[in-house]
Every structure is written in C-alpha cells, then in structure tokens.
Amino acid sequence: MDKYDEISFDDFDEQINPKPEENDFDKILEVAITRRGLLKSVMAVGSVATLGSIAALSPEEAVAAADRFAFKHIDANTLDDITVPDGYTAKVVTRWGDPLWSDGVDFDHATRGDGASQEKAFGDNIDGMEVFAHGDKTIMVVNNEYTNRKIIWGNREEGKFANDDDVLKGKMAQGLTVVEIAEDENGEWGIVKDSPYNRRVTPDTPMELTGPAAGHDLVKTSADPAGTTPLGTFNNCGNGRTPWGTYLACEENFNGYFSAADEEHKVSPELKRYGLSAKDWGYGWATIDDRFDVAMNPNEPNRFGYVVEVDPRNPDAAPKKRTALGRFKHENAEVVVNRDGRIVVYMGDDERGEFLYRYVSNGVFAPGAETDSLLDDGKLYVAKFHDTGAGEWLELNPETTGMASMADVCIHARIAASTVGATTMDRPEWVAANPRAPEVYCALTNNKNRGIKPNAGGDLTPASGPNPREENHYGQVVRWQPNGGDHTNNGFAWNLFVMAGNPKIHSDAYAGSANVTEANMFNSPDGLKFDSNGILWIQTDGNYSNAEQFEGHGNNQMLAGDPNTGELRRFLVGPNECEVTGMTWSPDKRTMFVGIQHPGERGNSHWPEGGDAVPRSAVIAIRRDDNGLMG
Ligand code: FEO
Ligand code: CA
Ligand code: CA
Ligand code: CA
C-alpha cells in the first residue's frame, strides 16, 4: 500500500458483510454462465435490445438528431487538467477550503487548515449541486460528500489524524456549502464573500426529522428523547431539486462514520444490513463525540440515510430529513411532477446488489400552494425488473412487508425491499428523468459481485435483466418508460441505453453495447442529468488506470448522450485521479457548472493550482467562447 491507498466505501462494506462460506451461488452460477452465451447472441443482433424500441426516428428526425451535440468529440487523456472541446473554456469557480466570509483564512497548503478555518470555508469533495435564482442573486448549493483522509491530514504521519482538532477539521469538511456566486465583468464566476445567504450545513447543524419515522422509538436518543431533532448531515452524494425551489441533499455512506470503543461490540442485524460495525472508515468521529459511538447510541445511525430538504433562500431554516423517502444509501433524488400534479421521486441505493426506489406523494403540487406535506405523505415503492423487458413497482407498506408500521418500513427500507423480492441492482447511482418524454434513466455504475456474491441482506444477484454481466466492472445505464406515460403507474417497460465496455480488448458483452466505440468508451457511469434540450449528460467515477481492461478509457470524464439515437460523445476529461460529479446550469443557461471530486486521491495530482500544490476538489464553470447556450 502506498501512502495514499485508502480502502473505498465499497470495499469497507465488503469487510462488514463478507461473502458467506455457504451460499446458493454455486447453483445460480450455472444459470448465469448459460445466460452469458445468450447475452452474446443478443449483443450480436441488436446490442441488448437497447436502442430503437423506445424511439424510432424518421429519416428527417435522424438528420436533425445528428446535429444535437453542439461540440466536437475530444479524445481520452491522462492529463492533470480539465480538457473541453475547442470553442469552450473551463474556469475554477471555488475550491475546497476557500473562506466564505472575510474573517476566514485563505487555504494553507502546509497545514490544510484546521477545524475553525474549515467550518468557515467551502467543504471538500464536491458532489451534487444546484444553482437557484433569488431576485438578482444567484445562490449555489453544493454537497461536500466526504474528505480524503490522506489529503486533508497529509501534513501528518501516514495521513492519520493526530489530535481532536484534526478530527473536527475532517468533520467540518463535510455536509453542504451554500454560497452566493456572481459573474465579474469578464463573465467569470466567483463566490460572494459575506453574502447573507452563505452557510455551511455540517454534521452538527440542528435539523428536523419529518414523516412516518419522526418520533418513532428507533430514532430516539438520550440527547433527543422525542426523536424529532437530529443533528447534522454528512456523506451527501447526489442531490435533487423540488419545483418549489428547495434543494435535496442525499445521505449515502453514513455507516462509515460510526464506531465503538469496544472493537468486539456487535451491532444489531438491522444495523449490519446498513454496513454498521464497531469499526469506522478512519474518521475517528466517535473519539471526539459519543454520538458516533454505536454501542453507546445504537439509535443514532437510524437518524441518517435520508433525503434532506434545504431552503437555500432561508439560511436560518432547519433542514428537514424526509423519512417518507426511505432510509438507505441515497445517491440522488430525481423529482418529477406527474401530469396529475403528484410528486414522484426516483432514488437509487448505491451499494452492490441494492435496489431502486420510487416515492409518490398523496397530495398534488400547485405553484403557491402548501408544499410541506408533499415529501412526508406518500407511498414508497421498489423496482422489480423482469427479463421480458417489463417491470413493476412494488409498494412497501406494513401489509406487503409484514412490518409493524410505516415507520419501520421507512427506517428499514432495505429489509422491506428484500421481503417483497425487489431486483438486486449493479449499484444504482444517479437517476435522471427526460424533460422531453416520460422516461427515466439510472446509472448502474458497476458491480464486481454480480453473479458472485449476495447483497448484505443475502439476496442473490444472478446476472439477469438490466444487470446482465457477471463481475461487471464497466457498468450500464438502464432506462424505463412508465406505462401510459404516467409516472405513478406501477408498470413500466425497460431497456438498456448503454452498456459501457472496452471494444478494443473485448469482443463479447464486455465490449459494451453498439453505441460504445473506441472513440467514446468509458467505465462506471455515475452522475446523470438531462439538460433542458433533452440531452443526457453522463459523468464517470471509475477506474482511471488507463491499463488492461480499462486501456483507452483515460481519466474520468463526462459525455453527452442522445436519447433518440443512442449516440455518445465525450465532452470533458478531468484531472488525474478525480471523479467528475455534480452538474447544474446558471439561470441564463450560458454556464454549465461541474464538480471535480477527489483529484489526486492516490497522490498523483496537483490540480487546480499545479506546482507542488495540494490537490483540491473544485467547482468549474464551462462556457462557450461565443457566449452561446450550454443546455
Ligand atoms: Fe457517492 Fe454512489 O456515489
Ligand atoms: Ca456518485
Ligand atoms: Ca461512484
Ligand atoms: Ca469516487
């Protein structure tokens, strides 16, 4: 292990729930191997029934579609820089550690800051983001998903915390950053220090728990005996945006922050399903705050794993944890207003073999009317995909799951979903709904356990349906159309928009679907978002070795996809060892904002400042040189 090797969230989870010695996998492997032969033949004919069945194009439409991308393809590369097509320019807006107030201190490359400076500065590892127009102000909200311990504590031996303030610095690097941004006379974006909208939401910020789980015994703690006022949010991955102008931050790998002083402490089976154990991921929060000692406070982890609603225009309002949307490792929350006004939220649970969920509000959205109950009062569903290309949403409630109450269903959504026989997925990352058609896409990033190991609940993961490849290192994007174009319909039709792969070294299913070529290949789709023109933007968080089965993929990247033709074109390549994640647009759509997360996570980047600088996660602004629209 070199200095920078850190175990990933996913491998951390593997240690807590290792492959059972005895399992039924040997039986299903046989089925999976037979299926591999089948898959090959499907690929040969029409690339997994991917394209064409959803939207066949007339010749005129095909000509129009060919011009839908306004940019020229760029090649893969391994430069420690941002690469965008000719005619576009990318500039840094703000970085990890930039102070939000004039009494904060500038980022110190020698110490990488301290607890106090970090609490007043932009957080680390940028993920989901949105920009909100508010009068003549522009407010950006960004998730700061986590922090790379060996970077933030790179001033210490072995990159480990050396004292309580180091732990606090790591804690304050997480949560959310809310910051006003503005363009200067040259059209360059920067943050507005001391704006009344600037705010850090941290793992200690007071919040409100709402919906079915609020006040339930499982969320009561000694500090909050009513079970309604949890503190803080962290490991916020992707995001959502409501039509009433609020931001949704999604809590993902919350398990890795809890530990117990007694390393032999055994957690409940319910906590284990969520990856809790006596050992944390290396942040040491329990060493400065008993709240994170799972032996002392076994209900504290039940207060994380939610979608958190934040009002960017009201810096004093407590964020609300919306428990009706279920508790799991939330990636993002894609909000759709159904044609009857009901709010539909699509959500992935990003862990190997976990599930895809849908929430449907009971009430309807009307501009100006009350919206507070729309994310508290509704129904929760989980997806089941059939090999036929059909699928269904299975409702999770006390009757279908045998659980005692809706609070139990929401708090233990994973267990509820296993009970009804949901389809185990290849790590559902972002979900994106097409604004031009009733169809929804989800990035299934990869799953090395497909066909090999059950999920943490013991559900088998045979290669089938939208997860057709064993030991899936490349990932795919599945899409579905709700029956009748109605997002509240429990039936849908699905197919694969793309299977990532490497046609340079494989000629079977691992080459990828027909729309993957040596010019546009990639692995591990993660961030997904549609622009207002109906172009699907895909961001990757994959293997950047550029070697062996990833040869030719280069650094992590961003591509544009045409839902009608399936064409994919590379738009951006990120700096070394980064993930490209999170995107949004300025109110005038002339700027696209993109997040660059964990550059140099293995010690090989100095982006964005270059030289000997510490690598820093940053938001970049991309504009056309002719000041044209960006989406
Ligand atoms: Fe935070 Fe699933 O990525
Ligand atoms: Ca992600
Ligand atoms: Ca990812
Ligand atoms: Ca990553």
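Fair warning: this is a prediction, and the values are worked out from it, not measured in the lab. Start at 1 and go down the list; that is how both ligands and their atoms are numbered.
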Within 45° of the ring axis of [Y] and under 6.0 Å from its six-membered ring centre, is that where the NZ or CZ of [X] lies?
X: R149; Y: Y283; answer: yes
X: R469; Y: Y474; answer: no
X: R414; Y: Y274; answer: yes

Please indicate how many protein N/O/S atoms are found closer than 3.0 Å to the Ca ion (ligand 2), with waters neither displayed nor included.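 Near the Ca ion (ligand 2), the number of protein N, O or S atoms below 3.0 Å is 4.
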
Kindly write out the residues that satisfy side-chain hydrogen bond (donor to acceptor under 3.5 Å, both in side chains) with T78, not counting sequence neighbours, or none if the list is empty.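 Not a single residue meets the side-chain hydrogen bond (donor to acceptor under 3.5 Å, both in side chains) criterion with T78.
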
What residues, two or more places apart in sequence or in another chain, satisfy salt bridge (Lys or Arg N to Asp or Glu O under 4.0 Å) together with R358?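 Not a single residue meets the salt bridge (Lys or Arg N to Asp or Glu O under 4.0 Å) criterion with R358.
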
Taking only residues at least two apart or on different chains, which pairs with a member in residues 319-330 satisfy salt bridge (Lys or Arg N to Asp or Glu O under 4.0 Å)?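 The answer is D13-K329, E251-K321, E309-R322, K320-D372, R322-D372, R322-D376, K329-E351.
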
